[in-house]
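Some notes on the structure that comes next.
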Number of protein chains: 2
Amino acid sequence: MSDLTQRQTEILDFIRSQLRETGFPPTREDIARQFGFSSKTGAQDHLMAIARKGFIELVPGNARGIRLLKEEEALLSHQFELPLIGSIAAGTPITAETNVDTWLRIDPELFHPRADFLHRVAGHSMKEANILDGDIVGIHVQDDADNGQIVAAVMPHPKTGEDEITLKRYFRRGKKITLKPENSAPAYKPLEIDLAPLDGDSQEQTPFRIAGVYAGLIRPRG
Amino acid sequence: MSDLTQRQTEILDFIRSQLRETGFPPTREDIARQFGFSSKTGAQDHLMAIARKGFIELVPGNARGIRLLKEEEALLSHQFELPLIGSIAAGTPITAETNVDTWLRIDPELFHPRADFLHRVAGHSMKEANILDGDIVGIHVQDDADNGQIVAAVMPHPKTGEDEITLKRYFRRGKKITLKPENSAPAYKPLEIDLAPLDGDSQEQTPFRIAGVYAGLIRPRG
DNA sequence: AGGTGTACTGTACCAAAGAACAGTACAGAA
DNA sequence: TTCTGTACTGTTCTTTGGTACAGTACACCT
């Protein structure tokens, strides 16, 4: 992502923090002082390098003439946003850009544990866990779970074969995994998975994986 | 709200627009040029007046040393945030600053209808509406509701007498209002309110008012 | 009638700050 | 081995830009 060197990133971060704290960009001397340079030329060189790489724009002849570019990506936009993930394209990591339907402005730290992405629930399989059709759940990414936790499981849809996310309560005893819907209606049956025959096989045959654990939800309608 | 004169408001707006467009505040000369002053002292005078009134801060000895204050109200901070309202101080409007426990970074437009404030649910009285203890509900401010809607009702706590928010399902038939908890356990009883004897009385005797309607919720834990 | 605040013009001084030039050192790529 | 980029030091020059002082004019309040 960042074409900047370590030092350049530090300096860009300093510019950002100065803007936040003082309301205006630093001078070359401010930067030199901050990083212990004895000459402001060092700061100037860095600024020109950062500008050349397109992260800032230097406005000639203007005191503190530093304009931040690319701030949508860095700060404003996804700082307090979470991606809403629908279906998952084959072979992509779950939060890959192609899988992101949209970004919602919700602070990830609101959830415990912190949410890494969101997923809209379809159907009533988790009704008795008070997760309803249309709810948006926050998922904390991790690749395993404790017994009894609700997980976001990724597995191919029985008909289309496309990978999709479903919420289930997770139980594991030895090599047997149970994914249990929270709905006592007879239509909802636990899914049993036996890991034993897969031992030594290629990863591709694994019928499911854990994308993360349930970390809370948003219900967007009254 | 604004103690600023017309001219001062124009100049403050110019500072804001410069910040947006160039990324840093204007100089005294920039301001003078913009407004056709032949001397930058005019701009300086205005800046000092605006600073004296608390809208900006001038940082002495710094080029472009203009810091915007009060920007929470205008732009930056509470743009995509919602106040979390706990108890309500006597005689204050519900979203008054004293009633705000904290601000949470959630886009108000996420909820339908749009949320105006948040409230943390205590207790299990709305369990059967799938609203649980600890959930944070979004409330859209309006002073009445349709039959069967869930409302945020403000009424004095039976013991402390302090105004507090409770969620109830609202029904009105003529002058009789029913506020119904969504929990069939015998401890939760509907509240009946008869408006008739209050007719013509002072507002103070009204035992409750509707703060708004339920617009969705956030459950911050998995 | 005098005081205070707004809204400027005009001049001047000097510190703040940008920008250019000349170096040094080191690391990795061609 | 040379070239390019990073990461600085040190010096100098010039413009930018803040700030102070001295005015003028007008409106409003007491």
Side-chain angles (χ1 to χ4, degrees), chain A residues 1-70, chain B residues 1-70:
Chain A
M1 167 127 321
S2 161
D3 291 317
L4 297 179
T5 66
Q6 175 62 30
R7 202 53 158 169
Q8 288 163 2
T9 307
E10 283 172 39
I11 286 167
L12 183 53
D13 283 344
F14 175 66
I15 297 168
R16 279 202 264 262
S17 79
Q18 285 296 100
L19 268 166
R20 236 178 312 134
E21 285 167 36
T22 68
F24 41 88
T27 65
R28 276 66 169 163
E29 263 183 276
D30 290 340
I31 296 170
R33 203 177 316 117
Q34 170 72 14
F35 291 94
F37 305 166
S38 62
S39 158
K40 52 187 177 178
T41 311
Q44 171 76 345
D45 285 354
H46 278 119
L47 289 177
M48 292 195 310
I50 299 169
R52 187 159 25 82
K53 292 176 176 177
F55 289 78
I56 60 172
E57 190 182 339
L58 295 177
V59 187
N62 286 63
R64 302 174 193 272
I66 301 170
R67 182 178 304 155
L68 293 179
L69 306 172
K70 306 196 175 184
Chain B
M1 168 123 319
S2 161
D3 291 318
L4 296 180
T5 65
Q6 176 61 29
R7 203 53 159 169
Q8 288 164 1
T9 307
E10 283 173 38
I11 286 168
L12 183 52
D13 283 344
F14 175 65
I15 297 169
R16 278 202 263 263
S17 79
Q18 284 296 100
L19 269 165
R20 235 179 310 130
E21 284 167 37
T22 68
F24 41 88
T27 64
R28 276 67 169 164
E29 263 184 276
D30 290 340
I31 296 171
R33 201 177 317 116
Q34 170 70 16
F35 292 94
F37 305 165
S38 61
S39 160
K40 53 187 176 178
T41 311
Q44 171 74 346
D45 285 354
H46 279 118
L47 289 177
M48 293 195 310
I50 299 169
R52 187 159 25 82
K53 292 176 177 178
F55 289 79
I56 59 172
E57 191 182 338
L58 295 177
V59 187
N62 286 63
R64 303 174 193 272
I66 301 171
R67 183 178 303 152
L68 293 180
L69 306 173
K70 307 197 174 184

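Naming convention: chains lettered A, B, ... in sequence-line order (proteins, then strands); numbering from 1 in each chain.
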Rounded off to whole Å, could you give me the CD1-to-P distance for the A:Ile50 and D:dG5 pair? 16 Å
C:dT4 C1' sits how many Å from B:Arg52 CZ, rounded? 10 Å
A:Gln8, nearest nucleotide to its side chain (from C:dT9, C:dA17, D:dT6): D:dT6
Which part of the nucleic acid, if any, lies within reach of B:Gly42 when heavy atoms closer than 4.0 Å are counted: base, sugar-phosphate only, or nothing? base
Figure out the NZ/P separation between A:Lys53 and D:dG5, and round it to whole Å. 10 Å
Heavy-atom distance under 4.5 Å between the side chains of B:His46 and B:Thr5, does that happen here? no
Closest to the A:Lys40 side chain: C:dT9, C:dA17, D:dC8? C:dA17
How long is the line joining CD1 of A:Ile11 and P of D:dT6, in whole Å? 12 Å
Atom pair distance, as rounded to whole Å: CG in B:Asp45 and P in C:dG5: 13 Å
State, with a plain yes or no, whether a side-chain heavy atom of B:Arg33 is found less than 4.5 Å away from one of B:Asp30. yes
Rounding to an integer number of Å, can you tell me how far A:Met48 CE sits from D:dC8 C1'? 13 Å
Tell me whether the side-chain N/O atoms of A:His46 come closer than 4.0 Å to OP1 or OP2 in D:dA7. yes
Which nucleotide, C:dA17, D:dT19, C:dT6, lies nearest any side-chain atom of A:Arg64? C:dA17
Among D:dA7, C:dT9, D:dT9, the one nearest A:Arg7 by side-chain distance: D:dA7
Spacing of A:Phe37 atom CZ relative to D:dG10 atom P, expressed in whole Å: 13 Å
Could you please name the option among C:dT6, C:dG18, D:dG17 that lies closest to any side-chain atom of B:Thr27? D:dG17
If I take atom CG in residue B:Leu47 and atom P in nucleotide D:dA20, what distance separates them, rounded to the nearest angstrom? 13 Å
Assess whether one donor atom and one acceptor atom, taken from the side chain of A:Thr41 and the base of C:dA20, lie less than 3.5 Å apart. yes
Which of these nucleotides, D:dT19, D:dG17, D:dG10, is closest to any side-chain atom of A:Ser38? D:dG10
State, with a plain yes or no, whether a side-chain heavy atom of B:Leu12 is found less than 4.5 Å away from one of B:Leu68. yes
Can a side chain N or O of A:Arg28 be found less than 4.0 Å away from OP1 or OP2 on C:dA17? no
Nearest listed nucleotide, side chain of A:Ala63, among D:dC8, C:dC8, C:dA17: C:dA17
Exam field: side chain A:Arg28 to backbone A:Ala43, donor-acceptor pair closer than 3.5 Å: no
Within the side chain of A:Arg67, is there an N or O that forms a donor-acceptor pair under 3.5 Å with the backbone of A:Val59? no
